[in-house]
Amino acid sequence: MPEVQRMSRMMIKTLRDDPADAETLSHRLLVRAGYVRRTSAGVWSWLPLGKRVLDNVARVVREEMDAIGAQEVLLPALLPKEPYEITGRWEEYGDELFRLKDRKGADHLLGPTHEEIFTLLVKDQCTSYKDLPVMLYQIQTKYRDEARPRAGVLRGREFQMKDSYSFDITDEGLAESYRLHRAAYQRIFERLGLQHRIVSAVSGAMGGSASEEFLAPAAAGEDTFVHCPRCDYAANTEAVTHPLRPADGSGHPAPEELDTPDTPTIETLAAHLGVPASATLKNLLVKVDGEITAVGVPGDREVDLGKLAGHLAPAAVELVTADDFTGRPDLVRGYVGPQGLQGVRYLADPRIAPGTSWITGANKPGTHARNVVCGRDFEVDEYLDVVVVEPGDPCPSCGTGLELGRAIEIGHIFQLGRKYADAFQLDVLGPQGKPVRVTMGSYGIGVSRAVAALAEQTADGRGLCWPAEVAPADVHVVAAGKALQTELALEVGAKLAAAGVRVIVDDRAGVSPGVKFTDAELIGVPRILVAGRRSAEGVLELKDRRTGDREELTADEAIARLT
Ligand code: ATP
Ligand code: MG
Ligand code: MG
Ligand code: MG
């Protein structure tokens with residue numbers, strides 16, 4: 001049975017003013033309402049109210065993961081280097097990885113994601129096909145030394161993630177584990193009250209093939225996605241690999257020549273091209289030796305080697321092999337995956353000779369190169385154009401004008417395939433008595449980020465406004481007066497608590513009713529029950545935090561209503 005939480009005894013300090021460094025609504029409100037406190041850049045402490053919301057999100061995630069048969073485990077966050085060296089991620093992760101040494105000088109890392117360690121666990125525990133399929137998950141602290149930790153718990157350097165991993169012996173098995181996770185994620189976000197869209201995504205550092213993201217539309221989001229108002233097409237713009245421009249070449253002004261020694265930055269390009277701020281720049285088209293080719297904008301810096309062979313200093317570039325293409329639709333325009341053509345086709349650009357198909361050759365080994373710098377590794381005759389995605393560009397499946405939206409990535413699911421199983425030779429004895437290579441999926445939810453995403457989507461001008469499932473309490477009882485009001489508030493609060501309702505009672509002495517009301521709105525519990533003027537008659541006022549609707553009820557009526 002929950003106890004009444006008396007504010008006079010709780011460690012709650014609300015702030016009247018926004019923290020100076022807060023850029024987003026959720027950051028401002030979670031700090032002001034006393035849910036979280038910054039410890040250092042991107043590292044946060046969860047205070048009593050915040051911890052409850054965080055635990056509520058974790059509970060929903062846990063219930064739905066258990067419901068699909070996933071088993072909860074807890075692996076360490078402090079990990080040895082060796083497994084990450086085997087997969088190459090010790091290097092590949094770059095500056096985002098927290099690396100540290102122990103007293104003997106051995107290298108360790110703080111886990112940013114755990115594919116390697118789960119693969120090794122299953123290699124140790126599962127030896128026969130009869131041990132599979134298996135789905136494992138944990139809700140755990142993750143570490144990423146983000147270049148720009150921002151917006152409070154939205155992008156932390158230490159944060160809570162639910163990560164799960166599936167192990168199957170067949171592709172169909174993997175597809176089923178993926179489908180189960182996808183459906184569980186839909187239920188989780190529905191229960192949490194988070195509006196979301198499922199979009200095609202780029203696999204990024206995970207590798208692997210199919211991948212989808214769960215995006216929570218919000219102005220504070222760092223992801224841009226395109227979606228079709230007519231059909232269900234939606235994709236992260238990171239995954240959109242074609243220009244999506246009308247075939248007549250209209251859309252944005254012809255670019256001027258760029259005078260820059262290096263691959264231009266996105267900002268330089270946008271300024272030179274005069275494209276709208278809402279546009280997302282993808283590949284830069286350049287003319288080299290009379291031929292048009294594409295260079296990835298910074299981040300990727302990848303070029304079609306077919307066109308540039310002979311121009312590049314071999315030491316400067318890293319060749320991209322066919323394996324690298326699998327699941328990296330961002331590296332090629334249109335790509336061939338396990339289900340055939342999975343990428344989107346490059347639309348004909350009027351400035352490119354008719355019939356040029358950018359997909360041909362893209363999947364052959366050694367046809368692309370990474371880390372290429374225009375001007376340094378080859379001479380550029382002319383900078384031509386960038387591939388942009390703009391609102392109104394035609395939807396690849398139905399042609400309707402696409403809309404752009406901003407969103408927060410709250411979940412990401414991957415069909416990894418055999419990348420990690422190959423790296424660690426994860427085999428089990430198959431039904432025919434021969435070893436079978438295991439195929440994997442990995443699935444993440446940002447548990448702490450979901451708290452911020454919920455705050456972004458639900459808060460209003462007065463403060464936080466939690467959906468019932470995650471709120472730190474069900475009812476916030478305000479004693480708006482002196483002894484009489486406090487007595488009634490505590491009495492009603494105790495009865496509600498006895499009936500299983502989670503109650504906060506603001507019984508603070510010497511705090512004005514006005515301050516208590518403001519705090520109640522800021523804290524954002526769904527129902528506010530006020531013991532005020534008519535307390536002597538045993539009448540209270542019940543207020544809905546979201547709608548502001550209020551009604552007067554006797555104590556018994558209020559208890560009946562709220563239980
Ligand atoms: P982002 O694009 O925002 O950097 P990501 O694609 O790097 O996220 P994944 O590797 O897919 O993240 O991790 C799974 C989930 O973990 C993400 O969908 C997100 O919800 C959450 N997450 C990732 N990085 C952070 C972070 N720095 N702080 C809080 N949550 C995070
Ligand atoms: Mg990231
Ligand atoms: Mg991402
Ligand atoms: Mg992701």
Side-chain angles (χ1 to χ4, degrees), residues 24 26-27 30 36 38 40-44 46 50 54 57-58 61 65 77 89 92-98 110-116 118 137-165 181-182 185 188-189 192 194 196-208 210-218 220-225 235-240 280 299 327-330 406-416 420 441-457:
T24 60
S26 60
H27 184 179
L30 288 169
V36 296
R38 181 182 176 277
S40 66
V43 181
W44 290 84
W46 291 82
L54 185 68
V57 172
V61 169
M65 293 312 297
R89 292 211 292 185
E92 253 168 49
Y93 244 106
D95 289 340
E96 211 169 295
L97 196 65
F98 275 105
L110 297 176
T113 172
H114 279 59
E115 282 74 11
E116 284 81 352
F118 273 86
Y137 78 98
Q138 60 178 349
I139 295 176
Q140 196 226 26
T141 307
K142 294 276 186 282
Y143 295 87
R144 295 182 184 182
D145 196 356
E146 299 278 355
R148 227 166 71 80
R150 87 178 254 288
V153 296
L154 208 53
R155 180 174 299 282
R157 296 198 297 164
E158 175 182 287
F159 59 97
Q160 300 295 312
M161 195 201 287
K162 185 288 297 176
D163 46 327
S164 38
Y165 306 85
H181 271 87
R182 194 177 193 273
Y185 276 33
I188 288 167
F189 295 128
L192 293 178
L194 256 179
H196 64 278
R197 304 238 8 179
I198 303 179
V199 308
S200 321
V202 179
S203 295
M206 302 296 171
S211 134
E212 286 171 300
E213 281 168 350
F214 288 72
L215 297 184
E222 291 184 277
D223 282 82
T224 309
F225 69 108
N236 193 315
T237 48
E238 287 173 14
V240 178
T280 302
R328 291 298 308 269
D330 56 328
R406 295 288 281 179
I408 298 164
E409 181 189 327
I410 45 173
H412 200 163
I413 53 179
F414 303 86
Q415 290 195 26
L416 295 171
Y420 292 90
S442 90
Y443 318 88
I445 287 184
V447 172
S448 47
R449 178 178 286 186
V451 174
L454 265 168
E456 286 293 337
Q457 284 190 347

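Every heavy atom of this structure was used, including side-chain atoms; hydrogens, water molecules and symmetry mates were not. All ligand and atom numbering here is 1-based and tracks the order in the structure.
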Of all N/O/S atoms in His412, which lies nearest to the Mg ion (ligand 4)? ND1
Nearest heavy atoms of Ala453 and Ala216, plus distance in Å: CB-CB, 4.4 Å
Heavy-atom pairs closer than 4.0 Å: do any link ligand 1 to the side chain of Arg155, the backbone, both, or neither? both
Between Thr113 and ligand 1, which part of the residue brings a heavy atom under 4.0 Å of the ligand: side chain, backbone, both or neither? neither
What do we get for Arg157 next to ligand 1 when only non-hydrogen atoms under 4.0 Å count, side chain, backbone, both or neither? neither
Report yes if some N/O of Phe414 lies less than 3.5 Å from some N/O of ligand 1; otherwise report no. no
Determine whether a donor-acceptor pair (N or O, by modelled atom type, separation under 3.5 Å) exists between the side chain of Tyr185 and the backbone of Ile413. no
Does the N or O separation between Gly446 and ligand 1 drop below 3.5 Å for any pair? yes
CG-CG distance between Leu194 and Leu454, expressed to the nearest 0.5 angstrom: 3.5 Å
For the Mg ion (ligand 3), which N, O or S atom of Glu409 is at the shortest distance? OE1
Residue selection (non-hydrogen contact nearest atom 16 (O) of ligand 1) among Lys142, Glu146, Met161: Met161
Verify the ring-centre separation between Phe189 and Phe214: is it less than 6.0 angstrom? yes
If we set the cut-off at 4.0 Å for heavy atoms, which region of Glu409 has an atom near ligand 1: side chain, backbone, both, or neither? both
Test item, Leu154 contacting ligand 1 (heavy atom, 4.0 angstrom): yes
If you measure every N or O of Gly156 against every N or O of ligand 1, does any of those distances drop under 3.5 Å? yes
Using the rule given for salt bridge (Lys or Arg N to Asp or Glu O under 4.0 Å), can you reason through Glu222 versus Arg406, listing the C-alpha separation, both sets of side-chain angles and the distance that settles it, and then say yes or no? CA-CA 7 Å; Glu222 291 184 277; Arg406 295 288 281 179; over 6 Å; no
Would you indicate which of Glu213, His412, Arg144 comes nearest to atom 12 (O) of ligand 1 when only heavy atoms are counted? Arg144
